[in-house]
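First the structure, in the form of structure tokens, and then the observations on it.
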Amino acid sequence: MFFQPSIETLPVTQLRQLQNERLRDLVKYVYSRIPFYKKKFDEAGLNPSFIRSVDDLQKIPFTFKADLRDHYPFRLFAVSQDKIARIHCSSGTTGKPTVVGYTKNDIDIFAEVCARSLTAAGAMPGMKLQNAYGYGLFTGGLGLHYGAEKLGMTVIPVSGGMTDRQILLLRDIQAEVMCCTPSYALTIVEEIKKRHIDPSELKLKYMVLGAEPWTEAIREEVQKGLSVIATNIYGLSEIIGPGVSQEDFEERGTGSHVWEDHFFPEIIDPVSKEPLPEGEFGVLCFTTLTKEATPLLRYWTNDITYLYYDKSSQRTHIKMGAIRGRADDMLIIRGINLFPSQIESVINELPEFSPHYQLLVSRQQTMDSVDVHVELNEKIYAALTDKISDENEPEIFQALRYKLSQKIKDSIGLSMNVIIRNYNTVPRSEGGKLNRVVDSRKK
Ligand code: ADP
């Protein structure tokens, strides 16, 4: 199903034409309205007329999160305050929040891309959406709220957290669609099990999960645990919020369509800063082609992924792979670059463990050390007669610890300490994004 079939299936040559027209207007727009961009262009000896098509984007310098912070709060706004209908901030996962603004038109586009995304996720007019993304400065809640209304759904604006209430409402109001972070979806799965609720008592069919990296193993856990179809939604406040890209529910696992009539994506080599070809991993950058209030040229998201055109999809828009991590989430352990998601993948290959984990990184003298905290999966744990305590360790633990640390060593090349904890003691999401790494070396 499509929300806007003609644009979602527009042949790539026509899509490119539209992007080129929009880019030309955008460049003139930011040059004349935002002194930061005028200065950047002038310093680079660039005139807006030099930018004729998306192939010329490479001539334009990148915009970084630091630029937003340096111009905090309003100095990257392209319109006067009276044209701003709403303000959001990034959740500040990686530092001070950044402020973004929306004109009425920007809010319409935000709703449009969220409606497109919900449709690709399986939602239809008349269905109910239980929206468990946080409402407030975070873009998730309001973004999907407006998108669902635009699509013609009924929204239940629960916001994040309040697990008891989420479950009560899922049972009594019977939403067919729910959106939240993947880590919170796992919390819901566990709670449902704990309360012996059969997923067939709920009407839930589709989960739209995003705002943090997740894996196929989490998808499987959520789909099985709730008897649903779970798809990925991606976005960031600087570009618009959720709805920058979305996975089609019938094409799960093959990447998320970037709505490239509004957000032009590039993949850049983090070292050479040169664009990379289709299929190669690098930093995702976006140019907002239609944003009025806070337009951005070549915004460096820091998210690591790849792009490719999936010719077998009816939608023509480019796909992006799952986010491998943020460039600044990358840990350097004894000189080796490591993304937490790499350890997650290894843990997920061993069915004995639950998908919950936490990494504690420390430095002893000059040596980096990583403790990988994991738990046994619920079934194995329940079958253990002797539970874990300081004095007592079930026998199979030694073997499992060895198995996991060997697997980590083989696939990543680093030795790590595996610590097996009691079921349900590794931190869970209480509604929002979950931080799975504690790096005490930074103190
Ligand atoms: P903050 O940067 O403070 O977390 P945002 O709420 O705007 O602010 O978060 C955007 C970031 O969240 C993205 O840049 C990306 O790192 C992450 N993110 C959002 N959606 C996804 C997703 N589906 N998969 C992986 N990461 C995601």
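Just follow the structure's listing: the first ligand is 1, and inside any ligand the first atom is 1. The structure displayed is predicted, hence computed values, not measured ones.
Side-chain contact between L151 and T119 is present, with at least one heavy-atom pair separated by less than 4.5 Å.
Considering each of Q246, K433, H88, the one bringing a non-hydrogen atom nearest atom 5 (P) of ligand 1 is K433.
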Side chains of residues 225-233: which donor-acceptor partners sit under 3.5 Å, not counting sequence neighbours?
{"from": "T231", "atom 1": "OG1", "to": "Q246", "atom 2": "NE2", "distance (Å)": "3.0"}
{"from": "N232", "atom 1": "OD1", "to": "W214", "atom 2": "NE1", "distance (Å)": "2.8"}
{"from": "N232", "atom 1": "ND2", "to": "S256", "atom 2": "OG", "distance (Å)": "3.1"}

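Heavy-atom contacts of G210 reach the following atoms of ligand 1: 23 (N) (cutoff under 4.0 Å). Close approach to F138 involves these atoms of ligand 1, each under 4.0 Å from a residue heavy atom: 6 (O). Atoms of ligand 1 lying under 4.0 Å from any heavy atom of K65, numbered from 1 in the order shown and given with element: 2 (O). Those atoms of ligand 1 that come under 4.0 Å of a heavy atom in I233, given as number and element, are 20 (N), 22 (C), 23 (N). Those atoms of ligand 1 that come under 4.0 Å of a heavy atom in S237, given as number and element, are 5 (P), 7 (O).
Proximity of the aromatic rings of Y102 and F110 is defined here by a centroid distance below 6.0 angstrom, and this criterion is met.
In this pair, F77 and F74 present their aromatic rings perpendicular. The plane angle is above 60°, beyond the 30 to 60° band.
Polar contact with ligand 1: absent for W214 (N/O pair, distance under 3.5 Å). Inclusion of A211 in the set of residues having an N or O under 3.5 Å from an N or O of ligand 1 is warranted. Residue N232 places at least one N or O, backbone or side chain, under 3.5 Å from an N or O of ligand 1.
Side chains of E112 and H262: a donor on one and an acceptor on the other come within 3.5 Å. Between the side chains of Q19 and R16, at least one donor N or O sits under 3.5 Å from an acceptor N or O.
Between K194 and E191 there is a salt bridge, with a side-chain nitrogen of the basic residue lying less than 4.0 Å from a carboxylate oxygen of the acidic one.
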